[in-house]
Protein chains: 2
Amino acid sequence: MVIEMSTELADDEVDRIFRALADATRRDIVLRTLRDEVSISALAQAYDMSFPAVHKHVAVLERAGLVTKRPSGRERIVRGNPDAIRRAQQLLDRFELVWRGRIDRLDALFAAEDATP
Amino acid sequence: MVIEMSTELADDEVDRIFRALADATRRDIVLRTLRDEVSISALAQAYDMSFPAVHKHVAVLERAGLVTKRPSGRERIVRGNPDAIRRAQQLLDRFELVWRGRIDRLDALFAAEDATP
DNA sequence: CATTTCTATAACCATTTGGTTATATGTTAC
DNA sequence: GTAACATATAACCAAATGGTTATAGAAATG
C-alpha cells in the first residue's frame, strides 16, 4: 500500500513555482506582498511598466500559488503565500540531501519500514 | 567604506538559477550529477529526447552555475554544483525572513493594542 | 587508416513569455 | 447619474524557449 505524501509536488507545479521566481519584478512583488497586503494598482505604481504588465506578473504568481488575491471593493488585494515559498525550500533541501548522499540512508529507512509493517 | 557582500547575487544571476530549475528534466540532471559525475551522452540516454536537446539543458544549467563541465578524453563530465543550490536556498530564506518580519510587526501591533486599551 | 563515439553547433520550427495599446466592466465618489 | 478609478482581457509584437534534424570536428577503437 502506498501512502501519499502530502508534501509531494507534481512536476508542473514545481515548474510554475521556479518559473515564477525567475523574474526580478515578480520576486519583488512576492517580497512586497509578504510584508503587506497591496492592491494590484499600488504594485503597478512601483514599477516602470504598464498596469496590464504587472497584472500579468501577479497572474503568473497566483498560478504558481506564490500569492493569493482577495477582492476588496473595486480593488484586488494581493498577499504573499509563505507556504509556496516553503515548498520551494523543501525542493532545494532535497537537492542538498542528495548531494550529501543522505538519500541512501532515507531509502534504507523506508525500505526497513516497508519490511516491518 | 563599503564592504561588498560576496553572497549578494545580481538579478540576472538569480533569474538564471530559478529559470534553470523550472524544468523537470533539468532538475533531474542536477540530481543525477549531484549523486555522481556523468557524461552528457550518458545523461542523454536517460531521457526521451535527442542528444542536442540534453546538451542544451546542460548548457542552461552551466550558465546558471548549477553544474560544471570537465573534459575527460572525448567526453564532458557533468557535475552538480551544491554552491549554486545553496545560493538559491539563501534567496528563499530571505523571503521567509521577510514573512517573519511581518509576523513580528503584527505581534508588536497587537502587543501595543493590549498595552494601551 | 577507417570507423565509431562523443561533443558542438547551425538552422529551423512551434510555443511561450513579457511587454505594449485599446477596450470593456465593475466600483467608488461627487 | 456622471466622472474617476481599479480591474480584466483582447489583440498584437519581438524575443526567448525547447525541441528537432543535419553537419562537422575530436578522440578512441578496430
Side-chain angles (χ1 to χ4, degrees), chain A residues 10-33 36-80 88, chain B residues 10-33 36-80 88:
Chain A
D11 273 350
D12 56 349
E13 191 179 350
V14 181
D15 288 2
R16 282 194 295 270
I17 292 176
F18 282 128
R19 190 76 190 73
L21 290 173
D23 180 281
T25 301
R26 287 196 292 262
R27 286 192 299 275
D28 194 69
I29 290 175
V30 172
L31 285 175
R32 283 174 188 267
T33 58
D36 291 297
E37 298 184 323
V38 196
S39 72
I40 301 180
S41 57
L43 283 172
Q45 287 175 349
Y47 307 108
D48 188 25
M49 66 183 72
S50 66
F51 172 89
V54 175
H55 183 273
K56 279 191 187 183
H57 280 308
V58 171
V60 170
L61 290 168
E62 194 181 16
R63 262 176 260 130
L66 285 162
V67 304
T68 56
K69 274 197 312 190
R70 171 175 62 81
S72 170
R74 65 184 160 188
E75 295 184 331
R76 302 303 145 106
I77 307 301
V78 184
R79 180 174 189 159
Chain B
D11 273 351
D12 55 349
E13 191 180 350
V14 182
D15 288 3
R16 280 194 296 269
I17 292 176
F18 283 127
R19 190 74 190 75
L21 290 172
D23 179 282
T25 301
R26 287 197 291 262
R27 286 192 300 274
D28 194 70
I29 291 175
V30 171
L31 285 175
R32 283 175 189 266
T33 59
D36 291 298
E37 297 184 323
V38 196
S39 73
I40 302 181
S41 58
L43 283 172
Q45 287 175 348
Y47 308 108
D48 188 26
M49 65 183 74
S50 66
F51 172 87
V54 175
H55 184 273
K56 279 191 186 182
H57 280 308
V58 171
V60 170
L61 290 168
E62 196 182 16
R63 260 176 263 129
L66 285 162
V67 303
T68 55
K69 273 197 311 191
R70 171 174 62 82
S72 170
R74 65 182 163 190
E75 294 184 331
R76 301 304 147 107
I77 306 300
V78 184
R79 182 175 188 155

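A note on names: the letters A, B, ... follow the listed sequences, proteins ahead of strands, and every chain is numbered from 1. What you see is a predicted model; the values in this text were computed from it and never measured.
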Return the value, rounded to whole Å, for the distance between atom [atom1] of [X] and atom [atom2] of [N].
X: A/Asp12; N: C/dT15; atom1: CG; atom2: C1'; answer: 17 Å
X: A/Arg76; N: D/dC5; atom1: CZ; atom2: P; answer: 18 Å
X: B/Ile40; N: D/dA26; atom1: CD1; atom2: P; answer: 17 Å
X: B/Met49; N: D/dT17; atom1: CE; atom2: C1'; answer: 13 Å
X: A/Arg74; N: D/dA8; atom1: CZ; atom2: P; answer: 14 Å
X: A/Asp15; N: D/dG18; atom1: CG; atom2: C1'; answer: 12 Å
X: B/Phe51; N: D/dA24; atom1: CZ; atom2: P; answer: 17 Å
X: A/Ile77; N: C/dT27; atom1: CD1; atom2: C1'; answer: 13 Å

Check whether [X] reaches the backbone of [Y] with its side chain - one donor and one acceptor, N or O, closer than 3.5 Å.
X: A/Ser72; Y: A/Glu75; result: no
X: A/Arg27; Y: B/Asp11; result: yes
X: B/Arg26; Y: B/Arg19; result: yes

Between [options], which nucleotide gets closest to the side-chain atoms of [X]?
X: A/His55; options: C/dT7, C/dA11, D/dA8; answer: D/dA8
X: A/Glu75; options: D/dG18, D/dA6, C/dA22; answer: D/dA6
X: A/Ser50; options: D/dT7, C/dT21, D/dT21; answer: C/dT21
X: A/Ala53; options: C/dC6, C/dG19, D/dG18; answer: C/dG19

**OP:** Report the residue (B/Pro52 or A/Val54) whose heavy-atom-nearest nucleotide on DNA chain C is the more 5′ of the two.
**Re:**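 Its nearest nucleotide being more 5', the pick is B/Pro52.
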
Subject >> Pairwise 5' ranking along DNA chain D for B/Asp48 and B/Ser72, keeping only the more 5' one >> reply: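 Looking at the nearest nucleotide for each, B/Asp48 comes out on the 5' side.
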
With respect to the phosphate group of [N], does any side-chain polar atom (N or O) of [X] fall under 4.0 Å of OP1 or OP2?
X: B/Lys56; N: C/dT7; answer: no
X: B/Arg19; N: C/dT17; answer: no
X: B/Ser41; N: C/dT7; answer: yes

Original post:
NA contact type, A/Ser39, heavy-atom cut-off 4.0 Å: base, sugar-phosphate, or nothing?
Top reply: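 Sugar-phosphate, backbone atoms only, no base.
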
**OP:** Any chance you could lay out the side chain to side chain contact (heavy atoms under 4.5 Å, CB included) test for A/Val78 and A/Glu62, step after step, and finish with the verdict?
**Re:** CA-CA 9 Å; A/Val78 184; A/Glu62 194 181 16; over 6 Å; no

**OP:** Run the salt-bridge test on A/Asp36 and A/Arg32 with the 4.0 Å N-O cut-off and return the result as yes or no.
**Re:**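 No, this pair does not count.
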
